[in-house]
Chemist: 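One structure coming up, written as structure tokens, with questions to follow.
First the proteins, then the strands, lettered A, B, ... as listed; each starts at 1.
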Protein chains: 2
Amino acid sequence: MNEELINDLSKNLGRVKANTMADDVEMKLRQYLKKMSLKPGDPLPKETDLAEALGVSRNVVREALSRLRMLGMIETRKRKGAVLASPDILLAFERVLDPLLIDDLTLRDIFELRLVLEMGLADLLYARMKDEDIDELEKIANNEINKDKSFLVKNEIAFHGKLYEMTGNGTLKRFQIMLLPIFAYVITRVDKPYSGKVDHRRLVDILRNGTKEDFKIGMYEHLKPHFDRL
Amino acid sequence: MNEELINDLSKNLGRVKANTMADDVEMKLRQYLKKMSLKPGDPLPKETDLAEALGVSRNVVREALSRLRMLGMIETRKRKGAVLASPDILLAFERVLDPLLIDDLTLRDIFELRLVLEMGLADLLYARMKDEDIDELEKIANNEINKDKSFLVKNEIAFHGKLYEMTGNGTLKRFQIMLLPIFAYVITRVDKPYSGKVDHRRLVDILRNGTKEDFKIGMYEHLKPHFDRL
DNA sequence: TCCCTATATTTGTAGTACATAATAGCAAAG
DNA sequence: CTTTGCTATTATGTACTACAAATATAGGGA
């Protein structure tokens, strides 16, 4: 068969997507939210009204609303109806971020993206970190002496998590939390314990006494084993 | 009124979330996909069977399936049923990544995240870039002379887009594309045209002749105006 | 072997009916 | 006057039926 050819064509042309009405209504609802410039807490029309206005069955409207609700864009309460929620960007991401469902290539790409982020943290850190932060970081780093491997992994996560937190960027921090499962998953696939030339205590030392550039170089060396494995 | 007390209580207790059956079924379907370790193209049971097996109406099953379909996790065709698709992680993100729906604080956080990424690109670039890439980059940079502002913005995007592309990390590149609207949106809110002490042509020069550290410093200076504005 | 057609099957949409929960209003109690 | 309890109302949540639309499969004919 010419399955390969078909596959190739499909990739170049893109599949014809028979838009269902639910897709349509979903888009229309998004536009509606935008056009009306609703604020969180503002109510949406009730389902029957939407259905009638759009000329579709209530079923279709419910499918569309169900999607928006899953993404945290709206909340629905009985009797009251649907109201616009504070859209949570990252909620959607969590839904598909399942290591077991992602192919290996993408998995590696995402892992790499995380490393890139860590490399770029330096500027935010040096602009915003406080002495207490460094103290806490040091405490975490000092916890690592003479501990078993499973503890080390947890501490590893705590240390890097604290770094993200110190940036003062809430979205960044949550983004990191979301990526944790993937990070852990990739780690389990290599036998050698995680460690570069520069360990956590050295990084703390750099934060306290070194320059921004020192930190970037230090972090690079710290993560180097990961880069090399990719 | 005791509104403040209510607010405080609500924060401590957390809201009760009345899980709908669709939420439940969605989760169960995810677990099913995982447990069966299905590969892309493998079929799912038909809706009526799922409904019967789960003890819910077909309506509820369809809501759950509709969500998964929106995220690109499954595809459904008439007569054939639903099949597992290659889950596209970033598709979900695009659904909520709408500058007009995101509050200002998150917007700034995301913009900052993008800057962090750009700062961290250096290592990937120096490991993977080819001479042709730099040539192309230079061509883009040289296009910028004596052009109007709207063209400059487009070129700005082209230049940085090329940088992401040169990392060889497809997910990273697509991630950047997704963030473009936000980037553009933030840019439009400042009057002063985008330019740091280091321009694109200087960055190209560094890539060709300089070291990794030079590039990091150069990129920092290039983006500094943005950092300062945040 | 190839093409065409009929058939069966599964999703997509519509519509009805009822359960469930939350709201508002009013009545009663303190 | 405030709080509590009851009741009616109303919008969502769920179930079920019916049918339209599309398409994979099988079977028949050249």
Side-chain angles (χ1 to χ4, degrees), chain A residues 1-3 6 10 15-29 32 38 41-85, chain B residues 1-6 9-10 13-29 32-33 38 41-85:
Chain A
M1 268 303 210
N2 50 359
E3 194 166 324
I6 298 286
S10 172
R15 281 202 81 83
V16 282
K17 47 176 180 182
N19 270 351
T20 69
M21 295 217 168
D23 293 328
D24 223 37
V25 171
E26 184 203 338
M27 212 186 320
K28 286 220 168 101
L29 284 178
Y32 174 82
L38 297 184
D42 289 349
L44 275 69
K46 64 185 182 188
E47 295 177 354
T48 51
D49 287 350
L50 285 173
E52 195 175 353
L54 292 166
V56 297
S57 79
R58 190 175 151 226
N59 236 332
V60 171
V61 172
R62 278 190 62 77
E63 273 193 33
L65 288 175
S66 180
R67 297 176 177 188
L68 299 187
R69 224 190 41 197
M70 175 190 61
L71 298 179
M73 293 176 65
I74 63 173
E75 285 174 11
T76 56
R77 314 267 292 274
K78 299 207 176 197
R79 157 94 196 215
K80 193 176 184 183
V83 299
L84 186 63
Chain B
M1 270 301 213
N2 50 0
E3 194 166 322
E4 192 177 340
L5 178 67
I6 299 284
L9 259 174
S10 172
L13 292 172
R15 281 202 82 85
V16 283
K17 48 173 181 182
N19 270 351
T20 70
M21 295 216 170
D23 294 328
D24 224 37
V25 171
E26 185 205 338
M27 211 186 323
K28 287 221 166 98
L29 283 178
Y32 174 83
L33 295 182
L38 296 184
D42 289 349
L44 273 69
K46 63 184 182 190
E47 295 177 354
T48 52
D49 287 351
L50 285 174
E52 195 174 353
L54 293 166
V56 297
S57 78
R58 190 175 152 228
N59 233 332
V60 171
V61 172
R62 278 189 62 79
E63 272 193 34
L65 287 175
S66 180
R67 296 177 178 188
L68 300 187
R69 224 190 41 197
M70 174 190 59
L71 298 179
M73 293 176 65
I74 64 173
E75 285 174 9
T76 55
R77 312 267 291 275
K78 299 204 176 188
R79 157 93 197 216
K80 191 175 184 183
V83 298
L84 186 64

Chemist: So, is B/Arg62 close to the D/dT14 phosphate, meaning a side-chain N or O under 4.0 Å from OP1 or OP2?
Modeler: no

Chemist: Measure the distance from CE on B/Met21 to P on D/dT12 and round it to the nearest whole Å.
Modeler: 19 Å

Chemist: Can you find a donor-acceptor pair, distance only, under 3.5 Å between B/Arg77 side chain and C/dG12 base?
Modeler: no

Chemist: Give the intermediate values and the outcome of side chain to side chain contact (heavy atoms under 4.5 Å, CB included) for residues B/Val25 and B/Val56.
Modeler: CA-CA 9 Å; B/Val25 171; B/Val56 297; 4.2 Å; yes

Chemist: With a 4.0 Å limit, can you tell me whether B/Thr76 has a side-chain N or O closer than that to the phosphate oxygens OP1/OP2 of C/dT10?
Modeler: no

Chemist: Send over the distance from B/Glu75 CD to C/dT10 C1', rounded to a whole Å.
Modeler: 16 Å

Chemist: Which residue in the set A/Val83, A/Leu65, A/Leu29 passes side chain to side chain contact (heavy atoms under 4.5 Å, CB included) when paired with A/Ile74?
Modeler: A/Leu65

Chemist: Identify the residue among B/Glu52, B/Glu63, B/Glu47 that makes a salt bridge (charged side-chain N to carboxylate O under 4.0 Å, His left out) with B/Arg58.
Modeler: B/Glu47

Chemist: Could you tell me the separation between the CG atom of B/Leu65 and the P atom of C/dT13, rounded to a whole number of Å?
Modeler: 13 Å

Chemist: Measuring from atom CG of A/Leu50 to atom CZ of A/Arg62, what distance do you get when rounded to the nearest 0.5 angstrom?
Modeler: 12.0 Å

Chemist: Closest nucleotide of DNA chain C for A/Lys78 versus for A/Asn59: which of these residues is on the 5' side?
Modeler: A/Asn59

Chemist: Could you work out which one of C/dG12, D/dT14, D/dT23 sits closest to the side chain of B/Thr20?
Modeler: D/dT14

Chemist: Atom CD of A/Glu52 and atom C1' of C/dA14: how far apart are they, to the nearest Å?
Modeler: 14 Å

Chemist: From C/dG12, D/dT9, C/dA14, pick the nucleotide closest to the side chain of A/Val60?
Modeler: C/dA14

Chemist: In whole angstroms, how far is the P atom of D/dG13 from the CD atom of B/Glu26?
Modeler: 14 Å

Chemist: Between A/Ala22 and A/Lys80, which residue's closest nucleotide on DNA chain C lies nearer the 5′ terminus?
Modeler: A/Ala22

Chemist: For B/Leu44 and C/dT9, give me the distance from atom CG to atom P, rounded to whole Å.
Modeler: 20 Å

Chemist: Nearest whole angstrom, please: distance from the P of D/dA11 to the NZ of A/Lys46.
Modeler: 3 Å

Chemist: Rounded to the nearest Å, what distance is computed from the CZ atom of residue B/Arg58 to the P atom of nucleotide C/dT13?
Modeler: 11 Å

Chemist: Measuring from atom NZ of A/Lys80 to atom CG of A/Leu44, what distance do you get when rounded to the nearest 0.5 angstrom?
Modeler: 12.0 Å

Chemist: Can you tell me if the side-chain N/O atoms of B/Ser57 get under 4.0 Å from OP1 or OP2 in D/dA15?
Modeler: yes

Chemist: For the side chain of A/Arg79, counting heavy atoms from C-beta on, which of C/dA22, C/dT13, D/dG13 is nearest?
Modeler: C/dA22

